[in-house]
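Worksheet for the structure shown next.
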Amino acid sequence: MTIQLVFLARLRERFGVSREAFALTADIDTVAALLAALRKRGGAFAEELAEGRAFRVAVNQDVVTFDHPVHAGDEVAIFPPVTGG
Amino acid sequence: MTIQLVFLARLRERFGVSREAFALTADIDTVAALLAALRKRGGAFAEELAEGRAFRVAVNQDVVTFDHPVHAGDEVAIFPPVTGG
Amino acid sequence: MTCHVRVHEADFDLGAEIKALRLGNPAIGAVASFIGCVRDMNEGDCVGLMYLEHYPGMTERELEKICAEASDRWEIFDTLVIHRIGELKPLDQIVCVVVTSAHRGESFSACQFIMDYLKTRAPFWKRESTPHGERWVDARTKDDAAAERWKQ
Amino acid sequence: MTCHVRVHEADFDLGAEIKALRLGNPAIGAVASFIGCVRDMNEGDCVGLMYLEHYPGMTERELEKICAEASDRWEIFDTLVIHRIGELKPLDQIVCVVVTSAHRGESFSACQFIMDYLKTRAPFWKRESTPHGERWVDARTKDDAAAERWKQ
């Protein structure tokens with residue numbers, strides 16, 4: 001019952017990690033619930049993922065809204081607004 | 001008291017001439033008057049330069065409206081709508 | 001802002017032209033370009049050969065005026081227009097337009113503006129050879145409409 | 001319609017890419033293209049180096065989706081997107097987009113659409129080195145506005 005978390009660019013630097021396995025609990029069934037759990041870690045997580053901060057979430061490489069479900073085996077990426085091109 | 005007439009593309013082919021010296025008379029002081037004089041030649045000139053036909057006139061390489069003056073020494077080009085690019 | 005206009009029979013190499021335009025200007029962030037090519041079909045007929053006539057002198061003048069108008073309207077660095085004349089065949093390049101600027105919106109708009117005005121104002125004429133014989137290409141009202149929208 | 005997407009460190013040659021796209025398709029009458037380059041100034045600071053990070057896998061997917069959307073909206077033949085990653089310096093090419101079509105309006109619109117969507121949806125991030133140190137580039141609201149107008 002784990003998911004792969006992926007952090008990119010400025011968030012990867014701030015969190016000091018680019019990829020981690022995250023154990024889902026029964027109450028973490030949406031992106032919103034996952035974000036709440038990550039915020040509880042405090043520090044950079046609480047700060048960068050606070051409501052109103054500009055970041056995006058992709059589940060299995062598709063950008064989603066925060067009510068999107070999260071299932072075991074998913075790859076969930078969190079990253080700043082994109083700046084390529 | 002002459003001008004240089006220049007005919008291009010389809011009009012050059014229809015008139016069978018690409019460039020000719022044209023002697024101005026006192027009554028030919030505008031593009032409109034010049035066109036009237038050319039129409040009097042009949043044949044392809046009357047046909048192609050008839051009112052309502054699509055052609056353009058440039059005096060000294062600037063496209064002009066038919067009320068534009070014509071002076072000795074001018075280069076007056078008559079050509080179909082352009083189709084480059 | 002520099003405006004480069006060339007009208008000749010020889011082919012061109014867009015990549016090399018862009019390299020030359022960008023040379024030593026690190027303020028350029030955007031390069032928009034366009035190439036027009038000879039198609040093998042037009043108005044439902046196969047096209048074997050195409051002949052491009054122009055009005056020497058006026059052509060260059062008109063293209064320079066169009067580029068100057070573009071640089072009055074948008075913040076751009078360089079404009080380049082190359083238009084070929086003479087005999088061309090399907091797949092040949094006919095024309096290219098390149099515009100450089102700091103940000104992309106300006107070069108995109110200016111490049112399209114120059115092509116739209118070139119199509120309706122630059123004195124070039126196409127004659128095509130088809131199975132039914134030779135014919136002068138008719139001006140398209142669609143091109144007039146494309147140029148017209150820049151007046152709004 | 002074919003969509004070509006490439007994400008890599010190596011530089012690219014726009015002229016050669018266009019030649020390869022056009023090869024053997026005499027129905028192509030128009031090729032619109034765009035190159036984005038590293039500028040030596042951004043937000044008022046000198047930029048010495050730039051580093052481009054991306055999200056492997058999602059990047060290619062997203063670019064392919066954007067190209068597919070473009071070909072749903074306009075009658076176009078091929079789309080090509082090349083985006084570089086890793087370390088870049090001023091004057092380097094970052095990205096190119098090429099679109100081919102029969103007539104110019106379609107390739108111009110599709111090319112600009114792809115760039116606007118790439119800027120707001122493709123997972124790339126820029127980090128710049130300036131005299132004040134390293135910084136991640138902020139997303140521009142102007143880019144959101146550029147993408148937004150295609151929804152009308």
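Just so we're clear, the structure is a prediction, and the values are computed from it rather than from any experiment. A, B, ... follow the sequence lines: proteins, then strands. Residue 1 opens every chain.
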How about C/E134: does its CD atom have over 12 heavy atoms from other parts shown lying under 6.0 Å from it? yes

Of the non-hydrogen atoms in [X] and [Y], which two are nearest, and what is the gap between them?
| X | Y | answer |
| --- | --- | --- |
| C/D138 | B/T83 | C-CG2, 3.7 Å |
| C/A139 | B/V82 | CB-O, 3.9 Å |
| C/E62 | B/Q61 | OE1-O, 4.2 Å |

For B/R56, which atoms come within 4.5 Å of any heavy atom of chain C: side chain, backbone, both, or neither?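 Answer is neither: B/R56 stays 4.5 Å or more from chain C.
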
Turns out that what part of B/A58 lies under 4.5 Å from chain C's heavy atoms comes down to side chain

Between C/D143 and chain B, which part of the residue has a heavy atom less than 4.5 Å away: side chain, backbone, both or neither?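 For C/D143, there is no contact with chain B at all, as no heavy atom is under 4.5 Å.
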
Of the backbone (N, CA, C, O) and the side chain (C-beta and beyond), which part of C/R140 lies under 4.5 Å from a heavy atom of chain B, both, or neither? neither

Stepwise, does the side-chain contact (heavy atoms from CB on, under 4.5 Å) test hold for C/M58 with B/F79? CA-CA 12 Å; C/M58 178 171 166; B/F79 48 79; 4.1 Å; yes

Could you tell me whether the side chain of C/W136 reaches within less than 4.5 Å of the side chain of B/P80, counting heavy atoms only? no

In the structure I gave you, are the side-chain heavy atoms of C/E53 and B/L8 within less than 4.5 Å of one another anywhere? yes

Give the member of C/C37, C/G57, C/C96 that has the highest number of heavy-atom pairs under 4.5 Å with chain B.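 Looking at each option in turn, the highest pair count goes to C/G57.
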
Just so I understand: if I count every heavy-atom pair under 4.5 Å between each of B/D62, B/N60, B/V63 and chain C, which residue has the most? B/D62

